[in-house]
2 protein chains.
Amino acid sequence: MPQTQGNQKAAAPSPHPRIVEPLCAVFRRKLKSEGLKYTPERAHVLDTIVRLDELFEADTIIERVKNSDIRVSKATVYRTIKLLQEAGIIQRVLCDEDQARYQLAYGASPQELIVRLDTREIITISSGELAAACANICAERGLVMDGYRVHIFATAPGSNV
Amino acid sequence: MPQTQGNQKAAAPSPHPRIVEPLCAVFRRKLKSEGLKYTPERAHVLDTIVRLDELFEADTIIERVKNSDIRVSKATVYRTIKLLQEAGIIQRVLCDEDQARYQLAYGASPQELIVRLDTREIITISSGELAAACANICAERGLVMDGYRVHIFATAPGSNV
DNA sequence: GTCGGTGCAAATGCTTTGCATTGAT
DNA sequence: ATCAATGCAAAGCATTTGCACCGAC
């Protein structure tokens, strides 16, 4: 996980701190650095993921690329998802389900989510307070923090799940 | 703002706030309330879990009860684990693995963990700071927090995972 | 006798892998 | 020619389920 930049922690107001470098370029760089190739199939999987712009499951991608101009097999989708994780482009989100769900990671953004138990909606947040608390906890124990993940489960007042 | 509690482990009775009511009683009550029975197999699974007193996987339990006086089948272990979750006695912990891991829940204790990436060790922590941050985040959005889960991934300084 | 409980084995469902084929340099 | 990528089908694996038998009330 590259943390060496810390650049746009800026007041970028949009829900997603928008992209400095196209993700496909990031992906291409990662692949090249390992002697792998940026194939049409891999590009198409990434493109499909970016278009979704939300949490997704492997299966969703598999379905989408099944009925499209560039057909990609299930196996390749899974293999590509793994590569994208390694590249830090997507990351796995852990809710309660067994099926893996992923989201775009946009570089080094940690996982801070609110899971609405009433609406099943997932809200990504970004709180310096949480980051600081986690960093603290590690520091107190002489550990180096490599990342963290916070899931907050919440409901609207008065809703009875 | 320093919480009066801080990161103490000392003043509290023990790493786990100890049990007011035996867990088996809690379990029995839950079962009875649904017209189910507190069988020797179910008791033995719960007992095995309590003895572990740490994170565990279904498989660990299956192995333990396989070579014991009261043999319990794999199916029953899984079925019992589900019941124990419903009873709020154990809860699932989400790390990166696909295999489910559980821990004793002791009522409402939230999940705060440090996952050591170098040693694969899991350290449970308790930080008022985190709880406060999470509560804040919900309050800011007019939501009611039902719980939260924090996983911090960390390594010893200098270790290269 | 009626229900639920258990064990076993078979079934699931997501994900991974082996292998032959194909494509790029 | 080499080396990796793809698709397909088969394999894995944790977990669930169908079913026949058993035991408590």
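Just so it is clear, the model here is predicted, and its values are computed rather than measured. Chain naming here is simple, since letters A, B, ... match the order of the sequence lines and numbering starts at 1 in each.
- Counting any heavy atom pair closer than 4.0 Å across all strands shown, B/R71 reaches sugar-phosphate atoms only and no base atom.
- In this entry the distance linking NZ of B/K37 with C1' of C/dT6 reads 12 Å, nearest Å.
- Taking atom CZ on B/R79 and atom P on C/dG4, their separation rounds to 14 Å, with Å as the unit.
- Considering all non-hydrogen atoms of both residues, B/A133 and A/L130 come closest at CB-CD2, 3.7 Å.
- Atom CG in A/L83 sits about 14 Å away from atom P in D/dA4, given to the nearest Å.
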Report the C-alpha separation of A/Q99 and A/D59 in whole Å, then their side-chain angles, then the decisive distance to 0.1 Å, and conclude whether the side chain to side chain donor-acceptor pair (under 3.5 Å) test is met. CA-CA 9 Å; A/Q99 200 176 166; A/D59 204 54; over 6 Å; no

Assess whether side-chain contact (heavy atoms from CB on, under 4.5 Å) is satisfied between B/I114 and A/R141, documenting all intermediate values. CA-CA 10 Å; B/I114 299 177; A/R141 288 168 177 74; 3.6 Å; yes

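- Using a 4.0 Å heavy-atom criterion, one finds that B/R42 contacts the sugar-phosphate atoms exclusively.
- For B/L36 and B/S73, each mapped to the nucleotide of DNA chain C holding its nearest heavy atom, the one lying further toward the 5' end belongs to B/L36.
- For A/A75, the listed nucleotide lying nearest its side chain is D/dA9; candidates were C/dT6, D/dT16, D/dA9.
- Residue B/K74 qualifies as open at atom NZ: its count of foreign heavy atoms under 6.0 Å is 12 or below.
- In this structure, the CD1 atom of B/I62 is 9 Å from the P atom of D/dA14, given to the nearest Å.
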If you apply the rule side chain to side chain donor-acceptor pair (under 3.5 Å), what do you find for B/Q85 with B/Q91, and how did you get there? CA-CA 6 Å; B/Q85 277 189 95; B/Q91 62 187 166; over 6 Å; no

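- Proximity of A/T76 to the phosphate of D/dG7: a side-chain N or O atom is located under 4.0 Å from OP1 or OP2.
- Taking atom OH of residue A/Y78 and atom P of nucleotide D/dC8, one finds them 16 Å apart after rounding to whole Å.
- Separating the CD atom of A/E63 from the P atom of C/dT15 is a distance of 13 Å, rounded to the nearest angstrom.
- Summarising the geometry, the separation between CD on B/E34 and C1' on C/dC3 is reported as 15 Å, rounded to the nearest angstrom.
- In terms of phosphate contacts, A/T39 brings no side-chain nitrogen or oxygen within less than 4.0 Å of OP1 or OP2 of C/dG23.
- Between the CD atom of B/Q99 and the P atom of D/dT16 there is a distance of 12 Å, rounded to whole Å.
- B/K66 comes within 4.0 angstrom of nothing in the nucleic acid, heavy atoms only.
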